[in-house]
Every structure is written in C-alpha cells, then in structure tokens.
Amino acid sequence: MVRRIGLTGGIGSGKSTVAGLLVAQGAVLVDTDAIARSIAQAGGIAMPALEAAFGRSVIAPDGGLDRAAMRQIVFADADAKRRLESILHPLIGTETQRQAAAAGKDAVVVFDVPLLVESGRWRAIVDRVLVVDATEATQRKRVVARSGWTPEAVDTVIAQQAPRRLRRAAADAVIFNESMTLAELETEVRGLWKQWTVATTR
C-alpha cells in the first residue's frame, strides 16, 4: 500500500488545492512551504541565523523574515540563494521528519514539496510522486490574480523552478489542472487515491 506520496507542481498549478483534496480523502499533509514560513516568522528558529547571514534589511517590522526583500536578494545572487538554503533546508528537513513520524505508521502522508524534483532526494523517500501541471500562461494568470504580483515576478519564479517536462518525467501520475472545475479535480484526486491506497491492498 502507498504510504508516502510526494506532491509537487509549479507555482500557480493548483498544487495546494490538490493537497486539500487529498487531506479530505484521509491523508496527513506535511507542507514544507508552510514549515518554511513558520520557522521564518517572528520568533521562528531560523530567524537568528537569517539575520546574522543577511542583516536587518531582510527583517520585517514584526520581527519575521521580509519574504519580498529576501526574494529580491536570492533572485539576483546565486550565492545568497545557497546561503539561504543552507540555513533553511536542514531545519525544514528536521520538522518534516517530525511531522511525518507524528502521523503514525499507518497514515498515508502527503509531502507537499514545491521543489521536489529540484532537490533530487525525494524519489527515494516517497512511494509515489504526484505532479500537478498547468501551462506557464495559466500559472502566470493565476498567481497575478491571487497575489497581485507582476507577470515579470511570476516569470522569475517559474524560471527558477524545474521545467514542466522534468516534473512530468519524474511523476508516477500527472494531474493536468488547466481548465478543470473543482468537481472534476476532486473526481480525479479521488480516483487516484483509490488506485494508490485501496486497490493496491487487495
């Protein structure tokens, strides 16, 4: 039976919606992006190291990480990006393992990992990889509508993520979430859940 599912997709693909639908089916969600945000909020365990590495310019008025300022720095400087990752990734990894263990050995755990393909290590950790896919034009349109980003800002993020073809090549299943209604998306997720967690037990 499938116990560990790696979920990924480009920005604006609808990955978070699929994650919620999997939780509705009974999965336990471990959201690495949410973990990254929590450790970099005011009082978060990453904040002392982030301030030491990047200075007060990346600290928001509330004491957490100014994500917009940090984004500008790492998009322009590959070394800064590596320094950021060297601080965050070990902490995210530790909390990810803790949450997965807390779910219990019988749980189906979904690891929501935006950079699953880029990291190169998740294939050995999960039983299946599910990719949520959409065209870049649709990704751009969704992110601009929901976040108020400029199209250029969205394109910068897309350019730093794995190309669609590489994500699709790494997948055991792909949901092409281009023009699906929520009901259609739910039907596809339910079918995949049954295939992976029910049919395989017979």
Side-chain angles (χ1 to χ4, degrees), residues 1-38 67 71 75 92 96 99-100 103 107-200:
M1 178 179 178
V2 173
R3 293 290 188 194
R4 295 190 165 211
I5 298 170
L7 173 65
T8 194
I11 187 171
S13 64
K15 174 176 59 66
S16 296
T17 301
V18 170
L21 293 172
L22 286 165
V23 169
Q25 293 299 313
V28 174
L29 180 65
V30 177
D31 185 338
T32 60
D33 205 31
I35 292 171
R37 289 193 298 270
S38 71
R67 294 171 68 88
R71 225 175 4 247
F75 284 168
I92 294 169
T96 296
Q99 290 187 18
V108 177
V109 180
V110 172
F111 297 90
D112 183 339
V113 187
L115 300 181
L116 183 146
V117 173
E118 293 87 336
S119 75
R121 70 184 185 88
W122 279 94
R123 180 73 268 185
I125 296 173
V126 298
D127 302 313
R128 297 287 189 278
V129 171
L130 173 58
V131 168
V132 185
D133 187 40
T135 65
E136 291 184 2
T138 295
Q139 291 177 256
R140 188 180 304 111
K141 181 179 178 181
R142 287 172 177 165
V143 178
V144 168
R146 82 182 183 205
S147 303
W149 288 15
T150 65
E152 293 76 19
V154 182
D155 287 342
T156 300
V157 175
I158 290 174
Q160 296 212 357
Q161 296 183 327
R164 290 176 59 212
R165 61 180 176 79
L166 291 184
R167 277 197 298 269
R168 293 175 69 97
D172 294 295
V174 176
I175 293 177
F176 186 49
N177 184 30
E178 181 68 16
S179 56
M180 284 185 176
T181 65
L182 182 58
E184 289 169 339
L185 189 59
E186 184 176 10
T187 296
E188 187 148 348
V189 169
R190 190 184 304 117
L192 193 61
W193 176 266
K194 183 177 180 181
Q195 177 186 338
W196 283 355
T197 69
V198 178
T200 53

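Everything numeric in this text was worked out from a predicted model, so none of it was measured.
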field: Main-chain N/O of Ile11 paired with Gln161 side-chain donor or acceptor, under 3.5 Å
entry: yes
field: Minimum heavy-atom distance Ile92-Ala36, with the two atoms named
entry: CD1-CB, 3.7 Å
message: Under the rule for side-chain hydrogen bond (donor to acceptor under 3.5 Å, both in side chains), what residues qualify as partners of Arg67, not counting sequence neighbours?
response: none
task: Apply side chain to side chain contact (heavy atoms under 4.5 Å, CB included) to the pair Val18 and Asn177, showing each step before the final yes or no.
output: CA-CA 10 Å; Val18 170; Asn177 184 30; 5.6 Å; no
- line: side-chain contact (heavy atoms from CB on, under 4.5 Å) test vs Val113 passes for just one of Thr96, Val30, Leu7, Thr32, namely Thr32
statement: Residues passing the salt bridge (charged side-chain N to carboxylate O under 4.0 Å, His left out) test with Arg4, sequence neighbours excluded, are none
task: Just grab all the salt bridge (Lys or Arg N to Asp or Glu O under 4.0 Å) pairs involving residues 173-184, residues at least two apart or on different chains.
output: none
message: Rounded to the nearest 0.5 Å, what separates atom OG1 in Thr156 from atom CZ in Arg71?
response: 10.0 Å
Run the side-chain donor-acceptor check on residues 146-153: report pairs under 3.5 Å with partners two or more places apart or on a different chain.
residue	atom	partner	partner atom	Å
Thr150	OG1	Ala153	N	3.0

message: Could you check whether any side-chain N or O of Gln139 sits under 3.5 Å from a backbone N or O of Gly12, counting only pairs where one atom can act as donor and the other as acceptor?
response: no
- request: Start with the C-alpha distance between Met1 and Val108, add both sets of side-chain angles, then the distance that settles side chain to side chain contact (heavy atoms under 4.5 Å, CB included), and finish with yes or no.
  value: CA-CA 9 Å; Met1 178 179 178; Val108 177; 3.8 Å; yes
field: Minimal non-hydrogen separation, Val109 against Ala103, with atom names
entry: CG2-CB, 3.9 Å
task: Report yes if the side chains of Leu130 and Val110 come closer than 4.5 Å at any heavy-atom pair, otherwise no.
output: no
- line: In short, side-chain hydrogen bond (donor to acceptor under 3.5 Å, both in side chains) pairs touching residues 10-22 with sequence neighbours left out are Lys15-Asp112
- line: Taking every heavy atom of Arg142 against every heavy atom of Ala134, the minimum-distance pair comes out as NH1-CB, 3.8 Å
- line: Residue set satisfying side chain to side chain contact (heavy atoms under 4.5 Å, CB included) with Ser119, at least two apart, ordered chain then number -> Arg121, Trp122
query: Do you know which two heavy atoms are closest between Asp33 and Pro114, and how far apart they sit?
result: CB-CG, 4.2 Å
field: Straight-line distance of Arg168 CZ to Leu166 CG, nearest 0.5 Å
entry: 12.0 Å
Which residues share a salt bridge (charged side-chain N to carboxylate O under 4.0 Å, His left out) with Glu186, sequence neighbours left out: Arg190
field: Minimum heavy-atom distance between Leu29 and Ala19, given as atom pair plus value
entry: CD1-CB, 4.0 Å
- request: Quick one: list whatever passes salt bridge (charged side-chain N to carboxylate O under 4.0 Å, His left out) with Arg164, sequence neighbours left out.
  value: Asp133
- prompt: Given Ile35 and Gln99, is the side chain to side chain contact (heavy atoms under 4.5 Å, CB included) satisfied, shown in steps?
  reply: CA-CA 10 Å; Ile35 292 171; Gln99 290 187 18; 3.7 Å; yes
task: Look up atom CG in Asp31 and atom CZ in Phe111, then write down how far apart they are to the nearest 0.5 Å.
output: 12.0 Å
- prompt: What pairs of residues pass the ring pair (Phe, Tyr, Trp, His ring centres under 6.0 Å) test when at least one of them lies in residues 164-190, not counting sequence neighbours?
  reply: none
message: List the residues meeting side chain to side chain contact (heavy atoms under 4.5 Å, CB included) with Asp172, not counting sequence neighbours, and say none if there are none.
response: Arg123, Arg128, Val129, Trp196
task: Under the salt bridge (charged side-chain N to carboxylate O under 4.0 Å, His left out) rule, collect the residues that match up with Asp127, sequence neighbours excluded.
output: none
- prompt: Partners of Ala170 by side chain to side chain contact (heavy atoms under 4.5 Å, CB included), sequence neighbours excluded?
  reply: Val117
